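What follows is a single structure, written as structure tokens, with notes after it.
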Number of protein chains: 2
Amino acid sequence: VRTRLSTRERSEQLLAIGAELFATRPYDAVSIDEVAEIAKVSRGLLYHYFATKREFFASVVRAEATTLLRVTEPNPALPVTEQLTSGLDAYLDYALRHRNGYLLLHRGAVAVDEKIREIVEDCLATQRQRILAVLHGVQQPSAATELAVRGWLAFVIAVCLEWLEEQTVSRTALRDLLATTLLAAVDHH
Amino acid sequence: VRTRLSTRERSEQLLAIGAELFATRPYDAVSIDEVAEIAKVSRGLLYHYFATKREFFASVVRAEATTLLRVTEPNPALPVTEQLTSGLDAYLDYALRHRNGYLLLHRGAVAVDEKIREIVEDCLATQRQRILAVLHGVQQPSAATELAVRGWLAFVIAVCLEWLEEQTVSRTALRDLLATTLLAAVDHH
């Protein structure tokens, strides 16, 4: 049975299928035919939305990066520490509930090509700028703080990837570990 | 002029050339012919040492991982904080003086294949175990501390890769940032 979806719904459906397949397998092991089959659409319709497999993959990665940035947008009305903890809560929520997207952004997408890596790099750069803005406002951060925030984001990703495999600590303990580490890394200077 | 080298010297020479080429270019852009040409040996001699290009690459990565682990071996005669700072000094020394090897282990090798990633993963696992042993001796660390050490190693790598591009902070400031961050991440629990 072919479900009638709007253009936007159809596109979102295809991107969600892509996120799942690409997150759980290497790029070369995913075929456009399989995506079309799962979505119950023709191969032609899929190519109508996305010109090439590479383009489809880039769209999947871009959609996940956009979602991650949207849900973790800081609320400048809150005090700094609350912006940090609520940002981390939203981030961990995303990692848990969009597990495929999280794995795709931080594991699968890295290995494919320069253009894809750029989408992920831009997403990380936006996160770094936001964190620096929360901590420092419009003031220019020190070089050490810039390095610390870059390192901390790698810390967060490494810890989350491991935690998604096996949740050996509570979500609150994880959030506190991440927050404490950031404040210590930047406080120091 | 073909230089006469011992088997071991020859092998080390080839591995050093490999580290340089593979660190600065994607795997596919390095040819065995070029390695042989730079070393002034025949292609046949190179294949005598390393059966395939993949095998040669794996040997280069393994040699760099071995060197990194050797130079950063902790000295258990020292107090904990000194083991940490002298270990970090040795680590930063390696990153600066074996820049190609460092880039290869932490950037180039990641993208190639599962077997190569395993060599790097084993090297990271040894570093984590050593750090946990320095901090906790034979005691079982908490799950949070295990996560923290894993995250911290990713922090170190991300910061060092950026710092090797542009040394915006002094080496001492960098070492202190890394040490402080580790102690804060694990102290918390």
Side-chain angles (χ1 to χ4, degrees), chain A residues 26-28 92 106-114 116-117 121 124-125 127-128 140-189, chain B residues 26-28 92 106-114 116-117 121 124-125 127-128 140-189:
Chain A
Y27 177 80
D28 291 333
L92 295 176
H106 298 106
R107 197 169 273 164
V110 182
V112 175
D113 70 20
E114 196 50 46
I116 304 291
R117 266 196 300 278
E121 260 313 311
L124 296 174
Q127 292 177 72
R128 287 197 300 270
Q140 178 67 25
S142 69
T145 292
E146 285 196 1
L147 279 177
V149 168
R150 177 181 290 270
W152 180 75
L153 202 53
F155 182 103
V156 171
I157 293 166
V159 164
C160 281
L161 286 172
E162 182 69 12
W163 188 71
L164 286 175
E165 295 287 321
E166 197 186 348
Q167 290 169 39
T168 53
V169 301
S170 74
R171 205 183 125 140
T172 312
L174 179 63
R175 186 196 67 186
D176 291 348
L177 168 65
L178 300 176
T180 307
T181 303
L182 176 62
L183 295 175
V186 299
D187 253 357
H188 177 54
H189 305 282
Chain B
Y27 177 79
D28 291 332
L92 295 177
H106 298 106
R107 196 170 274 164
V110 183
V112 175
D113 69 21
E114 196 50 47
I116 304 290
R117 266 197 298 279
E121 258 315 309
L124 296 174
Q127 291 177 72
R128 287 198 299 271
Q140 179 67 26
S142 69
T145 292
E146 285 196 2
L147 279 177
V149 168
R150 177 181 290 270
W152 179 73
L153 203 52
F155 182 104
V156 171
I157 294 166
V159 164
C160 281
L161 286 172
E162 182 69 12
W163 188 71
L164 286 175
E165 295 287 321
E166 198 186 349
Q167 290 169 38
T168 53
V169 301
S170 74
R171 203 182 127 141
T172 312
L174 178 63
R175 185 196 67 187
D176 291 347
L177 167 65
L178 300 176
T180 306
T181 303
L182 175 62
L183 295 174
V186 300
D187 253 355
H188 178 56
H189 307 280

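Lettering of chains follows the sequences in order, A, B, ..., and the numbering in each one begins at 1. Keep in mind that this is a model prediction, so the values were computed, not measured.
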Counting heavy-atom pairs under 4.5 angstrom with chain B, the leader among A/Thr168, A/Leu147, A/Val159 is A/Leu147
If you look at every heavy atom in A/Gly151 and B/Ala158, which pair is closest and at what distance? CA-CB, 4.2 Å
Closest non-hydrogen atom pair, B/Leu177 against A/Ala185: CD1-O, 3.4 Å
For the atom pair OG1 (A/Thr181) and CG (B/Leu183), what is the distance rounded to the nearest 0.5 Å? 11.0 Å
Closest approach of A/Ala184 and B/Ala184, non-hydrogen atoms and distance? CB-CB, 3.1 Å
